[in-house]
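Predicted model only: the values in this text are computed from it and were never measured.
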Amino acid sequence: WLQKQEGLATLAQIAQHDVDNEIRRIATGGLAATQTSTAEILSALHSSLIAKAWQLRVEAALTIGKLKVLELEQPLLQQLDDTYWQVRIAVTRSLGRLRSKAAIAKLQENFQHDISNLRKEVAIALGEIGGESAQNILLQHAHDPDPEVRKSIRIGLALIQERQYVT
């Protein structure tokens, strides 16, 4: 998968500069197959994360999570306020994968969102992040009106419990 450095640079350039947003989205997603984080890739991912097209922001957020790019944690955190809930879901998923302790307060705010799919993603992300704060937030929302959200909260709590016994 994209082992040649010159190929990575070209893909990153396409992801950052192509005039067609769909091409940029596909190239941004393709960067996840690289399993590396060069300066060009970081720049392309950041550019896509703040793009006007929400679909591009979703793809960038998911790719950041797949690559576990800690260098882009702060720009991800800023996207937790995105006007599109689809972007918030992708950002939440990635912050969970990054185990971002800095995201806990903003994730708690997103537990108030009307979209239950976002609340489900928040529950799982908090479980992946772990810790006492995340656990307390999950317990506070254990009676969410949506049964799927309550199920995700139980999964999040189980993730925290597993990690406590493993470490």
Side-chain angles (χ1 to χ4, degrees), residues 1-131 133-134 137 148-149 152 155-156 159:
W1 289 100
L2 302 171
Q3 298 298 317
K4 296 194 179 225
Q5 193 63 36
E6 57 273 9
L8 297 177
T10 301
L11 188 61
Q13 287 296 314
I14 292 168
Q16 189 166 3
H17 299 291
D18 200 274
V19 294
D20 185 326
N21 281 333
E22 184 61 13
I23 299 296
R24 283 185 68 194
R25 188 188 66 75
I26 293 167
T28 298
L31 292 172
T34 66
Q35 297 301 309
T36 61
S37 299
T38 65
E40 293 134 327
I41 289 172
L42 292 174
S43 178
L45 289 173
H46 186 265
S47 174
S48 294
L49 187 63
I50 60 173
K52 287 185 180 181
W54 68 267
Q55 298 92 335
L56 194 48
R57 296 194 306 272
V58 166
E59 197 68 45
L62 292 173
T63 302
I64 290 166
K66 289 174 186 173
L67 289 174
K68 296 186 177 171
V69 181
L70 294 172
E71 296 91 337
L72 293 175
E73 178 183 25
Q74 285 305 314
L76 266 180
L77 286 168
Q78 294 169 2
Q79 295 299 345
L80 275 175
D81 291 326
D82 199 282
T83 55
Y84 286 87
W85 58 267
Q86 297 93 331
V87 175
R88 288 184 188 203
I89 285 175
V91 168
T92 298
R93 182 172 299 155
S94 291
L95 288 167
R97 293 187 79 170
L98 294 177
R99 295 193 175 146
S100 173
K101 297 280 188 201
I104 291 175
K106 284 294 227 180
L107 289 173
Q108 182 175 16
E109 290 174 21
N110 277 281
F111 240 136
Q112 307 306 319
H113 203 280
D114 292 339
I115 302 294
S116 63
N117 283 343
L118 177 56
R119 296 195 315 272
K120 287 178 0 185
E121 206 63 52
V122 166
I124 299 299
L126 287 170
E128 289 176 331
I129 294 167
S133 296
I137 294 166
E148 291 298 314
V149 175
S152 294
I155 291 169
L159 286 170

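- The 12-atom threshold is not exceeded at NZ of Lys68, counting heavy atoms of other residues, nucleotides or ligands nearer than 6.0 Å.
- Checked by atom type and distance alone, the side chain of Thr34 never pairs as donor or acceptor with a backbone atom of Gly30 at under 3.5 Å.
- Summarising the geometry, atom CD belonging to Gln79 is positioned 10.0 Å from atom CG belonging to Leu77; distances are rounded to the nearest 0.5 Å.
- Remark: the backbone N or O of Arg25 is not paired with any side-chain donor or acceptor of Gln55 at under 3.5 angstrom.
- The two residues Trp54 and Val87 have their closest heavy-atom pair at O-CG2, 3.6 Å.
- Nearest heavy atom pair, residue Glu40 against residue Ala9, reads OE2-CB, 3.6 Å.
- For the pair Leu67 and Leu45, the minimum side-chain heavy-atom distance is below 4.5 Å.
- Judged purely by atom type and a 3.5 angstrom limit, Ser48 has no side-chain atom pairing as donor or acceptor with the backbone of Ala60.
- Atom CZ of Arg119 is separated from atom CD1 of Ile89 by 11.0 Å, given to the nearest 0.5 angstrom.
- Contact of the Val149 side chain with the Phe111 side chain is registered, since non-hydrogen atoms from C-beta on lie closer than 4.5 Å.
- Side chains of Gln108 and Ser133 form no contact here, defined as non-hydrogen atoms less than 4.5 Å apart.
- A side chain to side chain contact (heavy atoms under 4.5 Å, CB included) with Leu126 is found for one member of Leu107, Leu159, Thr92 and no other, namely Leu107.
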Task: Full working for side-chain contact (heavy atoms from CB on, under 4.5 Å) between Lys106 and Asp81 - done: CA-CA 8 Å; Lys106 284 294 227 180; Asp81 291 326; 2.6 Å; yes

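- Looking at every heavy atom in both residues, Ser37 comes nearest to Val69 through OG-CG2, 3.6 Å.
- Taking CZ from Arg88 and CG from Asp82, the interatomic distance works out to 7.0 Å, rounded to the nearest 0.5 Å.
- The two residues Gly29 and Glu59 have their closest heavy-atom pair at CA-OE2, 3.3 Å.
- A pairwise comparison of heavy atoms in Ile104 and Gly130 identifies CD1-O, 4.4 Å as the closest pair.
- Counting only distance, with no hydrogens or angles, the side chain of Lys66 and the backbone of Ser94 share no donor-acceptor pair below 3.5 Å.
- For the side chain to side chain contact (heavy atoms under 4.5 Å, CB included) criterion with Ser100, the lone passing option out of Glu128, Gln74, Glu73 is Glu73.
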Task: side-chain contact (heavy atoms from CB on, under 4.5 Å) evaluation trace for Leu80 with Leu95 - done: CA-CA 10 Å; Leu80 275 175; Leu95 288 167; 3.5 Å; yes

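- Taking CG from Leu118 and CG from Asn110, the interatomic distance works out to 5.0 Å, rounded to the nearest 0.5 Å.
- Residues Asn117 and Gln86 have side chains not in contact (no heavy-atom distance under 4.5 Å, counting atoms from C-beta outward).
- With values rounded to the nearest 0.5 angstrom, Gln16 atom CD is found 11.5 Å from Ile41 atom CD1.
- At distances below 3.5 Å, at least one donor-acceptor pair connects side-chain atoms of Arg57 with backbone N or O atoms of Lys52.
- Taking CG of Leu49 as the reference point, atom CG of Leu62 lies at 10.5 Å (rounded to 0.5 Å).
- Closest approach of Ser47 and Arg24 over heavy atoms only: OG-NH2, 3.3 Å.
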